[in-house]
A.B. asks: 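Let me give you the structure first, and then I'll get to my questions.
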Protein chains: 2
Amino acid sequence: MKNNIYLNLYKDYAEQIDTGVLPPGSKLPSENELAATYQISRETVRKGLNLLAQNGYINKIKGKGSFVLDTGRLKFPISGLVSYKELSERLGKKSRTIVHATERVRAGNDIAKELRIEADQPIWKVIRSREIDGERIILDIDYLLAEVVPELTKEIAADSIYQYLEQELLLKISYAEKVICVERATDLDHQYMELKDDTHVVVVRGYVHLEDTTLFQYTESRHRLDKFQFVDFARRISVTET
Amino acid sequence: MKNNIYLNLYKDYAEQIDTGVLPPGSKLPSENELAATYQISRETVRKGLNLLAQNGYINKIKGKGSFVLDTGRLKFPISGLVSYKELSERLGKKSRTIVHATERVRAGNDIAKELRIEADQPIWKVIRSREIDGERIILDIDYLLAEVVPELTKEIAADSIYQYLEQELLLKISYAEKVICVERATDLDHQYMELKDDTHVVVVRGYVHLEDTTLFQYTESRHRLDKFQFVDFARRISVTET
DNA sequence: AAGTGGTCTAGACCACTTT
DNA sequence: AAGTGGTCTAGACCACTTA
């Protein structure tokens, strides 16, 4: 249990909104009220509320208050860096992970380039497909630096690699860049997904960094066109320059 | 000129990083230094730096300092709510907008549903294609509440609707939800884009809200598969529950 | 030990909405 | 006038890194 007051506030309200205890449109207590009831300072309350606002949970209106947004309609709060396990648990879908490979190999030229390392460096290669409602519609291929992740097993890959990295190896995952595009389906796609006669797949490339900016993981998440969906929540920063 | 110290700090450094004055890997002055030189408090410095960190400009490391990230390699800082004009200006690509229609109509059932209004309400419908490097690869269809936007012209649509809304109508655009998926190409797609023999297009649906949470704009941005790219920057919030 | 960023406080003033 | 969120301050303590 850490001493992170504003994060606790965030989690409390995020959960209440996720579970529907606080329905869309409800008004949160004012910042002064929250500060008083939680016995914390108002700036700390504001840190928590601002996190909620950034992640699409609430909207703050000057002079009025903070109100719960309608997050349920748009499911999939992917905006953020969330693991597949965390996501499927939140959605409660019937999903299954099939691990096809968990092997320690040496990086080829293409992967070395993506991970920005030299070729022949040892890496972990993990191939998994995700079955949702009985259909294999996602193929995830992960590459992790063996220098950072010395050990990896099929069991970990079947459960959650992120959980292992964070809770066992105590790695601090900091940020990721993702690039989404559409590409021709490969043989591997056909082998591990039920693609019917699709010629293309959506490819989400992920570059995951640690706190010290080390790039330690490159992921290709390949999705069947008709099942792919990505949801983003964005706030506008007014850029009225000069 | 507003009194927004931390936003000024953000813009200053964002520009310096965008233009390469501060190359990737450079170290920013420490928070205490910045507070001293700018004659502001450290918490205010931190607000500016945190904005930079959120938007992928810098990474902050405890005990070490703040460092510029490599934003150039992954261009397209789409993560955020940025208009097409702002984006193309930042990228400096040869692009052109062709306005096909700017008309005041009454909402049909489908659009009324997206905008969450009743059918037959007056709305503006704008159809534009975007030509990049000589090819028409994006089709944007916008629907705006006439109640919020009383007037709209072809000239505005050719330039920037956002600029008009914010600087002329003084509307406060607050946030947007975006949903990305792949769908079958329609006749309209073939009419206004150079689709060759593609059967599908990437569809980015955008729901844009004002400060008071009013949904006032629904946008369909339709992209040719081979030219579509979406880049996202995400920071991890550790969710080590219970 | 000195410097860094992370968290928190108690108070202040402002602009905006409501009564 | 009272209440709301937005900004800013000056100072405190902590955990972490570097020397």
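Letters A, B, ... mirror the listed sequences (proteins, then strands); counts begin at 1. Given the structure is predicted, the values throughout are model-derived calculations rather than measurements. Hydrogens, waters and symmetry mates play no part in the numbers below; they use all other heavy atoms, side chains included.
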A.B. asks: Counting only side-chain N and O atoms of B:N4, is one of them less than 4.0 Å from OP1 or OP2 of D:dT7?
C.D. replies: yes
A.B. asks: May I ask you to decide if A:D212's main-chain N or O and B:N59's side chain share a donor-acceptor pair within less than 3.5 Å?
C.D. replies: no
A.B. asks: Can you build the contact string for nucleotides 11-19 of chain D? Use B for base contact, S for sugar-phosphate-only contact, and - for no protein heavy atom under 4.0 Å.
C.D. replies: -B--BBSS-
A.B. asks: Partner of D:dT18 by Watson-Crick or G-U wobble geometry, both contacts under 3.5 Å, or none?
C.D. replies: C:dA1
A.B. asks: In terms of the nearest nucleotide of DNA chain D, which residue is placed more toward the 5' end: B:T44 or A:P29?
C.D. replies: A:P29
A.B. asks: Go through the steps to decide whether A:Y143 and A:E220 satisfy the test side-chain hydrogen bond (donor to acceptor under 3.5 Å, both in side chains), and finish with yes or no.
C.D. replies: CA-CA 9 Å; A:Y143 303 91; A:E220 272 186 29; 5.8 Å; no
A.B. asks: Tell me whether the side-chain N/O atoms of B:Y6 come closer than 4.0 Å to OP1 or OP2 in D:dC8.
C.D. replies: no
A.B. asks: From CG of B:D212 over to C1' of C:dT18, roughly how many Å is that when rounded to an integer?
C.D. replies: 15 Å
A.B. asks: Which base sits across from D:dA12 as a Watson-Crick or G-U pair, both distances under 3.5 Å?
C.D. replies: C:dT7
A.B. asks: Please work out whether the ring planes of B:Y10 and B:Y57 are parallel, tilted or perpendicular, with thresholds of 30° and 60°.
C.D. replies: perpendicular
A.B. asks: Separation of B:K47 atom NZ from D:dG5 atom C1', in whole Å?
C.D. replies: 11 Å
A.B. asks: Base, sugar-phosphate or nothing for A:I40? Non-hydrogen atoms, less than 4.0 Å.
C.D. replies: sugar-phosphate
A.B. asks: Any side-chain to backbone donor/acceptor pair from A:R46 onto A:E31? Under 3.5 Å, distance only.
C.D. replies: no
A.B. asks: For the pair made of CG in A:L34 and P in D:dG5, what is the distance, rounded to whole Å?
C.D. replies: 8 Å
A.B. asks: Nearest-Å distance, CG (A:N8) to C1' (C:dT7)?
C.D. replies: 13 Å
A.B. asks: Give the rounded distance in Å between these two atoms: CZ of B:R46 and C1' of C:dC8.
C.D. replies: 11 Å
A.B. asks: Grab the OH-C1' distance between B:Y38 and D:dT9 for me, whole Å please.
C.D. replies: 19 Å
A.B. asks: Figure out the CD/P separation between A:E31 and C:dA10, and round it to whole Å.
C.D. replies: 16 Å
A.B. asks: How about NZ on A:K113, more than 12 heavy atoms from neighbouring residues, nucleotides or ligands closer than 6.0 Å, or not?
C.D. replies: no
A.B. asks: Which nucleotide wins on minimum distance to the side chain of A:E33, given the candidates C:dG6, C:dT9, D:dT4?
C.D. replies: D:dT4
A.B. asks: Taking A:R128 for the side chain and A:A157 for the main chain, is one N or O donor matched with an acceptor at less than 3.5 Å?
C.D. replies: yes
A.B. asks: Below 4.0 angstrom from OP1 or OP2 of D:dT4, is there any side-chain N or O of A:S30?
C.D. replies: yes
A.B. asks: Show your working on side-chain hydrogen bond (donor to acceptor under 3.5 Å, both in side chains) between A:H209 and A:E177 and close with a plain yes or no.
C.D. replies: CA-CA 9 Å; A:H209 299 252; A:E177 298 136 319; 3.0 Å; yes
A.B. asks: Would you mind reading off the distance between A:R235 atom CZ and D:dG5 atom P, rounded to a whole angstrom?
C.D. replies: 14 Å
